[in-house]
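Note that the numbering runs from 1 along the sequence shown for the chain.
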Amino acid sequence: MSHQAPTESLFGSSRIDYEKELNEGQLAAVREGDGPCVVLAGAGSGKTRTIVYRVAWLIEHGVSPDAILLLTFTNKAASEMMGRIGSLLGSALPFGSGGVWGGTFHSIANRILRAFADRLGFTSSFTILDDEDSRDLMKACMRELGFTSADKDKRFPSPAVVRDLVSYATNAMKPLEDAVAKKHPKFEPLLPDLKRIAEAYDLKKRNSNAMDFDDLLSRLFKLLANDVSARERIAGRWQYVLVDEYQDTNPLQASLVRLMVGTQRNLLVVGDDAQSIYSFRAADVRNILDFPKQYPDAKMFKLLVNYRSVPEILDLANDVISRNVDQFRKELVSVKKPFQKPAVVPCPSAFQEADFVVGKIRDLLEEGVKPEAIAVLFRATHHSQTVEFELMKRGIPYDYRGGVKFFDRAHVKDALSFLRIKNNFNDEAAWLRILTIQPGVGEVMAAKMLMLFRAAGSLASAVLSPVEATLGARAAKGWVELRPLLEKTVELEKPMDIIRAVTKSSYVDYLENEYPNWRERLEDIEQLAVFAEEYESTSELLADITLDSGVVEKPANRGRQRRDAADKVVLSTIHQAKGLEWEAVFVIHLTNSGFPNRKAVMEEGGIEEERRLFYVAVTRSKKYLHLSYPATAGRDMFTLEQPSLFLEEANPKMLDLSLVEGRLGFGGKSSEDDGDGFFEEDAISVSESVPEDPFAEMKSKVKKIKRSYLRDV
C-alpha cells in the first residue's frame with residue numbers, strides 16, 4: 001500500500017502558495033505524487049520547478065528531509081535543486097533530522113558504499129579513480145599481460161578503448177562480447193584477451209582498495225541485489241525517491257532505482273521520452289517507456305505548457321516527434337505570442353551555408369540580440385568547421401561546447417602534420433607528432449629517426465632511403481607502416497589530396513585502436529579534406545589555419561574580439577545543448593547523409609533516436625530558428641546532398657520555405673543581390689501555394705545550378 005502524504009502542513013499553514021506558483025499539470029504532480037509516478041515533462045515545461053516544489057510539499061507536510069532521496073545526473077542540477085528547496089522553505093526547514101539526500105547517482109552511491117564497503121571486500125577509505133586514473137590502471141594491466149601495440153603484429157586497442165568497452169558493458173548490464181560487437185566488431189577475435197584484461201583490471205582495483213565511477217554503481221547494485229539485510233536498511237530509510245531525467249538512465253541505473261525504493265513504493269520519475277538521446281552511453285529509452293509496465297498502478301502526469309518557445313517552433317517540434325512510433329503521445333502548448341515560422345535555408349555548399357549563418361548572426365547582433373543568446377547546433381563535430389572558420393574571419397568570438405575547437409583537435413593536427421612536412425621538411429614538431437604515433441616508436445627513437453631523415457636532405461630522399469636497416473625491429477615495423485603515406489605526401493601536390501590519403505592509410509587503424517570515438521574523428525579529417533578543396537597551396541592553407549592574415553580581418557577587429565571575449569556566440573553539438581536554451585538557434589548541415597547520422601540509422605531504434613535529437617535541437621530556441629543544409633558537398637559541387645529526412649517529412653505548413661520555393665540565394669541573399677550572376681539564368685520561381693514536396697523543384701534544378709556555379713567560379 002502506498003504511503004499517503006499528510007494533508008496538514010508541518011507548519012500549521014503552508015508557507016508556499018502552490019496554486020499560484022504552479023500550473024495545473026505541475027500542481028497535480030506535486031500534490032498527488034505518492035506511489036509509483038511518471039511525470040512526462042516536455043521541453044521547457046518547468047521540470048525542475050516541479051521537482052523542487054514536490055520536495056518542498058513533502059517537507060511542509062511532515063516528511064523528514066532525510067527520508068527523501070533525490071537523484072540527478074549532474075552536480076550542477078543537484079546543487080540548483082537543493083538551493084531552490086532551501087530558498088522556498090527558508091528558516092522553517094527542519095534541520096534536526098538531517099538534510100535531503102540529493103545528488104548524482106555516483107555521489108549517493110559513494111555515501112552508501114562508505115558505510116557498507118566491508119561487505120564487498122573493501123574498506124570505508126576506498127579510493128575513487130577518476131577517468132585518467134582508470135586509464136592508467138588499465139594501461140598497467142595491459143602492460144603486465146603483454147598486450148601493447150608494440151608487441152603485436154597489428155595494433156592492440158589502447159587502454160582508453162578497452163576501458164570504454166568495459167564501461168559500456170557494465171552500464172548496459174551486458175557481457176563484454178555484446179559491447180565489442182556493438183562498438184568495435186573488428187576486435188571480436190581479441191575477446192579472450194580483452195576478458196583477461198578486464199579481469200586483471202578488476203583484481204587490481206580490489207587489491208588497491210579502489211573503485212572507478214562504474215564500480216560505484218555496479219557494486220552498490222550487487223550489494224542491494226545480494227544482501228537482503230543491507231537492502232532493507234538502505235531502501236528502508238527513504239519514504240520518497242525522486243529521479244530527474246529518467247529517460248537518460250541506463251539499465252544499471254534503472255535497476256538501482258528499483259532496488260532503492262522502499263516497501264511504500266513512493267517513486268516519482270521525471271523525464272521526457274522525446275528527449276532520450278544518449279544510447280551511445282548505454283542510456284535506454286525503454287526505462288521510461290516501460291515504467292507503466294513495471295508498475296501497473298503507476299500514475300502519469302504530463303507537463304505540456306512550454307514557457308520557452310514561440311508557438312511556431314512548438315508546432316514544428318510537435319509535428320516532427322509525432323512520427324515516432326515508440327513514445328508517449330503529447331503536444332506542447334506555448335504561452336508566448338506568435339512570431340515567425342522556422343526558416344529552411346538551402347545553400348549551394350557548406351561554405352555558403354557558413355556565410356549565411358554568420359551573416360545572419362551579425363544581423364541579430366546589430367538588432368541587439370546578445371552573442372551568448374545565439375547558438376549554432378550540429379549533429380557531429382566536423383559539421384561546425386566551416387562556421388568556425390567564417391566566425392574567425394569576421395572577428396566574431398565564439399565558445400565551442402562539446403569538445404575542442406576543430407583545428408585544435410589531436411587527429412586534425414595529426415593530418416595537418418603531413419602537410420607541414422610537405423611544406424617544410426625541417427618541421428621537427430610535425431615529424432615528432434607523426435613518428436610517435438607509429439607502433440614501436442617512442443620519443444627517443446623518433447629523435448634518432450629525425451636525425452637520419454635530416455641527413456637525407458629532403459622528404460623524397462628520406463622516403464627512398466633504407467632507414468629501417470638502422471632501426472630496431474619494432475621501430476622498423478612502424479617505419480614500414482608509415483612509409484606508404486609519406487610516399488603519397490611526396491607524390492601529391494594539392495593539400496586536399498594529401499589529407500584524403502591520410503583517411504585511406506594505416507592511420508585509420510591507429511584511430512580505431514586509440515580512440516573510442518574513432519569514427520567521429522575520421523569524419524573530422526574527411527571534413528578537413530573538403531575544407532582544403534578551397535586551396536591549391538599548402539602554405540596558404542596552413543597560414544590561414546594558424547590564424548595568420550587570411551583568417552582575422554583587421555587589427556581593429558582583433559582588439560574588439562579581445563574586449564568582448566566574455567560575450568560569445570555558442571557553437572555546440574546537439575547532445576551538449578540538451579537542457580539549454582537560446583534566443584536564436586541555427587541547426588546546420590541538415591543533409592540526409594549528415595543528420596540523421598548514417599551509422600545510427602542502421603541500429604535498432606536508431607532513426608527514432610535521431611528524430612528525438614532533431615526534436616531537442618528545435619526546442620532549444622526561444623524565438624528565431626533557422627534550419628540550413630548544403631545542397632552539395634565540396635567546392636566543385638560534385639556530390640549532390642539531399643535535405644534531411646526530418647525536413648522532408650515535416651508538414652510544409654510548419655516551415656518558412658520561401659528560400660526553398662524561391663531562389664537559392666548565395667549566402668542567404670537573393671540572386672539580385674549577388675552581383676555575379678550566380679543564379680541569374682536558373683533562379684527558381686516562387687510558388688503561391690506550398691507544393692506536396694517543397695524540395696522537389698530545387699532537386700530537379702540543382703544540376704543546372706551546378707553548371708552555372710562552375711561557370712562563374
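- Considering every non-hydrogen atom in both Lys568 and Asp399, the closest pair reads CB-N, 3.8 Å.
- Other residues, nucleotides and ligands place no more than 12 heavy atoms under 6.0 Å from the NZ atom of Lys494.
- In this structure Glu512 satisfies the salt bridge (Lys or Arg N to Asp or Glu O under 4.0 Å) test together with Lys186, sequence neighbours excluded.
- Side-chain atoms of Ser279 do not come within 3.5 Å of backbone N or O of Ala282 as any donor-acceptor pair.
- Partners of Lys422 by salt bridge (Lys or Arg N to Asp or Glu O under 4.0 Å), not counting sequence neighbours, listed by chain and number: Glu493.
- Closest heavy-atom contact between Trp582 and Val570: NE1-CG2, 3.7 Å.
- Centroid-to-centroid, the aromatic rings of His383 and Phe595 stay 6.0 Å apart or farther.
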- Query: Would Asp131 and Arg163 count as a salt bridge (Lys or Arg N to Asp or Glu O under 4.0 Å) if you check the C-alpha gap in whole Å, the side-chain angles of each, and the deciding distance to 0.1 Å?
  - Reply: CA-CA 9 Å; Asp131 288 338; Arg163 174 76 188 89; 5.5 Å; no
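- Shown here is Arg598, whose CZ atom has no more than 12 heavy atoms of other residues, nucleotides or ligands within 6.0 Å.
- Considering only residues two or more places apart in sequence or on other chains, His411 meets the ring-ring contact (aromatic ring centres under 6.0 Å, His included) condition with none of them.
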- Tell me, with the steps shown, if Gln576 and Thr573 meet side chain to side chain donor-acceptor pair (under 3.5 Å). CA-CA 5 Å; Gln576 286 290 322; Thr573 62; 5.0 Å; no
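- Between His589 and Phe378, the distance from one ring center to the other does not fall under 6.0 angstrom.
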- Item | Worked check of side chain to side chain contact (heavy atoms under 4.5 Å, CB included) between Glu245 and Val270 | CA-CA 6 Å; Glu245 302 284 13; Val270 183; over 6 Å; no
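- In this structure, Leu627 and Leu316 have side chains that are in contact, with non-hydrogen atoms separated by less than 4.5 Å.
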Would you be so kind as to tabulate the donor-acceptor pairs closer than 3.5 Å made by side chains of residues 77-87, with sequence neighbours excluded?
unit_1 : atom_1 : unit_2 : atom_2 : d
Glu80  : OE2    : Arg84  : NH1    : 3.3
Ser87  : OG     : Gly83  : O      : 3.0

- Item | Full working for side chain to side chain contact (heavy atoms under 4.5 Å, CB included) between Tyr307 and Ser334 | CA-CA 6 Å; Tyr307 296 92; Ser334 176; over 6 Å; no
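- Judged by distance alone, the side chain of Gln340 and the main-chain N or O of Lys623 form no donor-acceptor pair under 3.5 Å.
- A donor and an acceptor atom, one from each side chain of Ser167 and Asp214, are located under 3.5 Å apart.
- Side-chain contact check for Arg521 and Asn517: at least one donor-acceptor pair (N or O, by modelled atom type) lies under 3.5 Å.
- Listed here is the closest heavy atom pair of Asn287 and Tyr246: O-CE2, 3.3 Å.
- No side-chain donor from either of Ser107 and Asn75 sits under 3.5 Å from a side-chain acceptor of the other.
- Not counting sequence neighbours, the partners of Phe339 by the ring-ring contact (aromatic ring centres under 6.0 Å, His included) test are Tyr624.
- Aromatic ring orientation, Phe614 versus Phe646: parallel (interplanar angle below 30°, classes split at 30° and 60°).
- Using bins of under 30°, 30° to 60° and over 60° for the plane-to-plane angle, the ring pair Tyr278/Phe280 lands in the perpendicular bin.
- Residues satisfying the salt bridge (Lys or Arg N to Asp or Glu O under 4.0 Å) criterion with Arg135, sequence neighbours excluded, are absent altogether.
- There is no side-chain donor-acceptor pair under 3.5 Å between Tyr629 and Glu641.
- For the side chain to side chain contact (heavy atoms under 4.5 Å, CB included) test with Ser628, the passing option among Leu647, Val357, Val344 is Val357; the others fail.
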